[in-house]
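Worksheet: the structure to be examined is printed underneath.
Every chain is numbered from 1 and lettered A, B, ... according to where its sequence line falls, protein lines coming before strand lines.
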2 protein chains.
Amino acid sequence: MKKDTNNLNQCETTIIHEEDVKRVSAKMPDDEHIRDLAELYKAFADSTRLKILTALSISELCVCDIAAILEMSSSAVSHQLRVLRQAKLIRDRREGKVVYYALDDNHVTSILLQGKEHIREAK
Amino acid sequence: MKKDTNNLNQCETTIIHEEDVKRVSAKMPDDEHIRDLAELYKAFADSTRLKILTALSISELCVCDIAAILEMSSSAVSHQLRVLRQAKLIRDRREGKVVYYALDDNHVTSILLQGKEHIREAK
DNA sequence: TGAATATTTGAATGATTGTTCAATTGAATG
DNA sequence: CATTCAATTGAACAATCATTCAAATATTCA
């Protein structure tokens, strides 16, 4: 991501629909809120992480299990689990040497369902 | 993203819960479906694009308007509009020199709402 | 046709990110 | 206490991506 360098095109001086621009600008949420939201969707925006979420929506699993299902190294899986944990989409529970992961959100499933609906209809 | 080089940790030989692994593996969706889904969430996974979607959820707008609201160049906005168009989240309508954009999906709003719900509760 | 303006496009660049590899941590067990 | 194994972590590298800048399209209007 780059910084805002205020290099605006001619459009800035020639606002086409000043009323709409004012009205919408007033309703825009603050940047922090938007950034948090973007962070959340980033967690969904990767095949590996989506597979992990899908697997966990079926069953609680340990890191080894997930690695076996995805046919990936447990290191790679662990790195992605951290992202999902930070987004608070999953929770972990240690039992001896083994760490079990499970979905930690009612929204995960519904966000996934809405996504699937969209790509099904947008054919 | 890197290729799958089949470099699996020791976990591959020592599957901890073979039953679960088999059961979940059988239910996993195919890679193409997962990739499509990841593409969709990528469209939401950026502050600029989220702002555009939020703005369009309030009103239909032309590129200049969006650029003014986000205080960005219309070039940058146009590049991001292309991503949203390819994900079929928005649609465009040309009227003379001006191109108007609008949300093109009932799911956009509900996916955004679910996301907001999540970050509100995950405090 | 030629000027003006909204939008798009392509190349370049700096930043971010997913995976690998090697090393480390944490817990059980002999 | 040393060993074993599951899991995590940090650095490095390649790939992806968002923005900028310059140039090209598309449309209106004189």
Closest listed nucleotide, where the reference is the side chain of A/Ser73 and the choices are D/dT27, D/dT20, C/dT20: C/dT20

Sugar-phosphate only, base, or nothing, as touched by B/Tyr100 at under 4.0 Å among non-hydrogen atoms: nothing

Separation of C/dT17 C1' from A/Leu50 CG (nearest whole Å): 15 Å

Residue-phosphate contact under 4.0 Å: B/Arg49 side-chain N/O, D/dA18 OP1/OP2: yes

Atom-to-atom span, CD1 of B/Ile34 to P of C/dG18 - whole angstrom: 15 Å

Between P of D/dT16 and CD of B/Gln80, the distance in whole Å: 17 Å

D/dT19 phosphate, OP1 or OP2, under 4.0 Å from B/Thr48 side-chain N/O: yes

Side chain of B/Arg82 - closest among C/dT9, D/dA18, C/dT7: C/dT9

Base-pairing assignment for D/dT16 (Watson-Crick or G-U wobble, both under 3.5 Å): C/dA15

Nearest-nucleotide pick for B/Ser74, side chain only, options being C/dT20, C/dT7, D/dA18: C/dT7

Spacing between A/Arg35 atom CZ and C/dT16 atom P, to the nearest angstrom: 13 Å

Beyond-backbone contact of A/Leu89 with A/Asp104, side-chain heavy atoms, under 4.5 angstrom: no

Nearest-nucleotide comparison on DNA chain C, the residue closer to the 5′ end among A/Val83 and A/Glu95: A/Val83

D/dT9 pyrimidine/purine six-ring stacking with A/His79, under 5.5 Å and 30°: yes

Selected nucleotide, minimal atom distance to A/Met72 side chain, candidates C/dA27, C/dT8, C/dT19: C/dT19

Spacing of A/Ile66 atom CD1 relative to C/dT19 atom P, expressed in whole Å: 14 Å

Beyond-backbone contact of A/Leu61 with A/Tyr100, side-chain heavy atoms, under 4.5 angstrom: no

Rounded interatomic separation in angstrom, taking CD from B/Glu71 and P from D/dT20: 13 Å

Non-hydrogen side-chain atoms of B/Met28 and A/Leu70 separated by less than 4.5 Å: yes

A/Arg91 side chain to A/Leu103 backbone, donor-acceptor under 3.5 Å: yes

Validation row: A/Tyr101, A/Ile52 side chains within 4.5 angstrom (heavy atoms): no

A/Val98 side-chain proximity, nearest of C/dT7, D/dA6, C/dT20: D/dA6

Closest to side chain of A/Ile16, choosing from C/dT9, C/dA6, D/dA6: C/dA6

Options D/dT19, D/dC17, C/dT20, nucleotide nearest the side-chain atoms of A/Ser75: C/dT20

Position toward the 5' end of DNA chain C (nearest nucleotide), A/Ala45 or A/Lys97: A/Ala45

Any B/Tyr101 side-chain N or O less than 4.0 Å from OP1/OP2 of C/dT8: yes

Rounded interatomic separation in angstrom, taking CG from A/Asp92 and P from C/dA27: 13 Å

Plane angle bin for B/His107 and A/His118 - parallel if under 30°, tilted between 30 and 60°, otherwise perpendicular: perpendicular

Protein-nucleotide distance (B/Arg94, atom CZ; C/dT7, atom P), rounded to Å: 8 Å

